[in-house]
**Q** 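First the structure, then my questions, so here it is.
Every chain is numbered from 1, with letters handed out A, B, ... down the list of sequences. FYI, side chains are in, hydrogens and waters are out, and symmetry mates aren't considered; it's all heavy atoms of this structure.
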Protein chains: 2
Amino acid sequence: MESSPERRLTDQGRERKQQILDAATVLFASRGYQATRVADICAEAGVAKGLFYWYFDSKESLFADLIRSMRLQLRRTQGAAMDPSTDPVTRLRAGVEASVRFMADHAAYFSLIESERTDESLRPVLSEGGEIYAADTQRVIVEAQRAGLIPDYADAQMLTLGVIGAVSHFCQFHRNGRTTMSVDELANFVAGWTVRAVGADDRITLGG
Amino acid sequence: MESSPERRLTDQGRERKQQILDAATVLFASRGYQATRVADICAEAGVAKGLFYWYFDSKESLFADLIRSMRLQLRRTQGAAMDPSTDPVTRLRAGVEASVRFMADHAAYFSLIESERTDESLRPVLSEGGEIYAADTQRVIVEAQRAGLIPDYADAQMLTLGVIGAVSHFCQFHRNGRTTMSVDELANFVAGWTVRAVGADDRITLGG
DNA sequence: CAGCCTATTGACCCGCTGGTCAAGTTTGGA
DNA sequence: TCCAAACTTGACCAGCGGGTCAATAGGCTG
């Protein structure tokens, strides 16, 4: 019931912990958090139940770990996605494409957070990120509006929600097999879709 | 463990059943299906636990009942939404606006189906509808493409997914309070968003 | 009133699952 | 070589929660 104050892990320890984390990711993604039993995770990871509680305080704390570690990775990847020397619409495009690719690569993770969004006990952990991503996006959009590339009588916040939503739901459809597009095609299509929706259409591409 | 072969209900019986159904809707929507206990539902409805099993075979069967009855209502409402004598883009607009309004009116229901989409045991019931809605939408889009109102080098199916996704995720943001727009404003905005994204922009409105 | 069906209760059952623990093994470093 | 800490196990526990049931009340029909 404690463990938090920095337990020193050996190489083997770190490996085992990751092993459990991986097993949990797979199971959470396919059955959801609630429906996944600690025993299942241990079986999947091939370790005894007690070991779970050597590395994690609780099932919920493992979940938090999972989310946070993934978020770190996501943020890093996204950071490198947009070239600051280009114009905002180009950056928006690039950001959207990168996000789509990233989400496709980490399908299991995103299907997890998507499904567990309404879980009362998990809400805090889940919502603590995400606003950051929104802020990033909104910044680009406002910049584009200032540069006259996007009509500025539309609410920037709504446009932001639209972009984020579009990326996430197209990826969701991709995960569910509702579309069989390749990731490249998808990324391109979604970029086109959002640029058009946002009102920055230069009429050059309609993606697909 | 049976009950299905048409139990005859008195007026009072029907009322009680609905009462339990309503209680379940509220709780499912706010905590999710898994996290809601049968005892909670009974407490909310103000009846004893045994009564639950007088009217329903199981928690899962209540859920199925809920979904099916709601779907019926939804389909009826949507049927009346679009005026067949207008052009496809106008109909698309109208359909989107009507859907947004409907989803806002039935927020509890949609937040429920949205959150429980990944639940293994519930998937069959959940997915048995939904394709119908997609088919309706796609028909309008294809029609618009034939009429030259939407560029036809874009994949109609992808555009359909985009429309459906946009409606559902904007409504989701509305439910979560991520936007404080009124339902009317929202409906208008989403209609504008989708029309632009789909490539049918007549440059008259950018919503908001 | 008698018989039957619906309606309603709450105590009870039992399997499941998150979490604990005492006991044992391995590893690392002094 | 030896100690302590990291690691690993599986049996065990307690409470929770879905589902059951016997008992009772009430209402309709003959």
Side-chain angles (χ1 to χ4, degrees), chain A residues 1-25 27-28 30-66 116 119-122 125, chain B residues 1-24 26-28 30-66 116 119-122 125:
Chain A
M1 193 61 94
E2 37 89 40
S3 99
S4 11
E6 294 304 322
R7 176 168 298 127
R8 283 179 46 203
L9 300 179
T10 65
D11 285 349
Q12 190 187 135
R14 259 186 298 278
E15 206 173 302
R16 272 283 181 288
K17 184 172 181 177
Q18 191 56 48
Q19 201 171 320
I20 296 173
L21 229 28
D22 291 345
T25 308
L27 295 180
F28 283 166
S30 79
R31 314 182 190 174
Y33 172 80
Q34 289 265 12
T36 301
R37 309 296 144 202
V38 173
D40 298 341
I41 299 174
C42 295
E44 175 82 15
V47 301
K49 188 134 149 253
L51 198 60
F52 182 99
Y53 292 94
W54 175 259
Y55 291 111
F56 302 97
D57 287 342
S58 65
K59 185 186 171 191
E60 200 174 316
S61 109
L62 171 143
F63 185 82
D65 261 38
L66 196 60
E116 234 52 55
D119 196 295
E120 202 69 37
S121 56
L122 269 30
V125 203
Chain B
M1 194 61 94
E2 38 90 39
S3 98
S4 11
E6 292 306 320
R7 174 166 299 128
R8 282 178 44 202
L9 300 179
T10 64
D11 285 348
Q12 191 188 131
R14 259 185 299 279
E15 206 172 303
R16 271 284 181 287
K17 185 171 180 177
Q18 191 57 47
Q19 201 171 321
I20 295 173
L21 228 29
D22 290 344
V26 172
L27 294 179
F28 283 165
S30 79
R31 314 181 189 176
Y33 172 81
Q34 290 264 13
T36 301
R37 309 295 144 202
V38 172
D40 298 341
I41 298 174
C42 294
E44 175 83 13
V47 300
K49 189 139 149 243
L51 198 60
F52 183 99
Y53 293 94
W54 176 259
Y55 292 111
F56 302 96
D57 287 342
S58 65
K59 186 185 168 191
E60 199 174 318
S61 111
L62 172 143
F63 184 82
D65 261 39
L66 197 59
E116 235 53 53
D119 196 296
E120 202 68 37
S121 57
L122 269 30
V125 204

**Q** Taking atom CG of Leu51(A) and atom NZ of Lys49(A), what is their separation to the nearest 0.5 Å?
**A**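 Leu51(A) atom CG to Lys49(A) atom NZ measures 13.0 Å (nearest 0.5 Å).
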**Q** Report the nucleotide, chosen from dA7(C), dG18(C), dG18(D), that has the shortest atom-to-atom distance to any side-chain atom of Lys49(B).
**A** dG18(D)
**Q** Does anything in residues 37-47 of chain B come within less than 4.0 Å of DNA chain C? Heavy atoms only, and list the residues if so.
**A** Val47(B)
**Q** With the side chain counted from C-beta on, respond yes when Phe56(A) and Lys17(A) share a heavy-atom pair under 4.5 Å apart, and no when they do not.
**A** yes
**Q** Just so I know, are the side chains of Asp11(B) and Arg14(B) near enough to count as touching, which here means a heavy-atom distance under 4.5 Å?
**A** yes
**Q** If you check every side-chain atom of Ala48(B), which of dA7(C), dG18(D), dG10(C) has the closest atom?
**A**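 So the side chain of Ala48(B) is nearest to dG10(C).
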**Q** Kindly point out which of dA6(D), dT8(D), dG19(C) is positioned nearest to the side chain of Thr10(A)?
**A**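 My answer, after comparing the listed nucleotides, is dA6(D).
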**Q** Report the C-alpha separation of Lys59(B) and Tyr33(B) in whole Å, then their side-chain angles, then the decisive distance to 0.1 Å, and conclude whether the side-chain contact (heavy atoms from CB on, under 4.5 Å) test is met.
**A** CA-CA 9 Å; Lys59(B) 186 185 168 191; Tyr33(B) 172 81; 3.8 Å; yes
**Q** Starting at CG of Asp57(A) and ending at C1' of dT20(C), how long is that distance when rounded to a whole Å?
**A** 13 Å
**Q** Atom CD of Gln34(B) to atom P of dT17(C): distance rounded to whole Å?
**A**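 Rounded to whole Å, this separation is 10 Å.
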**Q** When you get a sec, tell me which of dG19(D), dT8(C), dC7(D) is the closest nucleotide to the side chain of Tyr55(A)?
**A** dC7(D)
**Q** Once you round to the nearest 0.5 Å, how far does CZ of Arg37(B) lie from CZ of Arg31(B)?
**A** 9.0 Å
**Q** Kindly indicate whether the side chain of Arg16(B), heavy atoms from C-beta on, has any atom under 4.5 Å from the side chain of Gln19(B).
**A**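 Yes, close enough: below the 4.5 Å cut-off.
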**Q** Roughly, in whole Å, what's the span from CG in Leu9(A) to C1' in dT27(C)?
**A** 14 Å
**Q** Short of 4.0 Å, heavy atom to strand atom, which residues of residues 11-23 of chain A count as contacting DNA chain D?
**A** Gln12(A), Gly13(A), Arg16(A)
**Q** Could you state the CZ-C1' distance from Phe52(A) to dC21(C), rounded to the nearest angstrom?
**A** 17 Å
**Q** Does any part of the side chain of Leu62(A), heavy atoms only, come nearer than 4.5 Å to the side chain of Tyr55(A), both counted from C-beta?
**A**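 They are not in contact (no side-chain heavy atoms under 4.5 Å apart), so the answer is no.
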**Q** Quick check for you: to the nearest 0.5 Å, what is the distance between Asp22(A) atom CG and Ile41(A) atom CD1?
**A**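 Rounded to the nearest 0.5 Å, the CG-CD1 separation comes out at 11.5 Å.
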**Q** Is any side-chain nitrogen or oxygen of Tyr53(B) closer than 4.0 Å to OP1 or OP2 of dG19(D)?
**A** yes
**Q** Just how far is it from atom CH2 of Trp54(A) to atom CD1 of Ile20(A), taken to the nearest 0.5 Å?
**A**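 Trp54(A) CH2 to Ile20(A) CD1: 12.0 Å, rounded to 0.5 Å.
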**Q** Let's see if you can work this out: which of dC7(D), dT6(C), dG18(D) has an atom nearest to the side-chain heavy atoms of Trp54(B)?
**A**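 So the nucleotide nearest the side chain must be dT6(C).
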**Q** Once you round it to whole Å, what is the distance between P of dG17(D) and CZ of Arg31(B)?
**A**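 So the CZ-P distance, Arg31(B) to dG17(D), works out to 10 Å.
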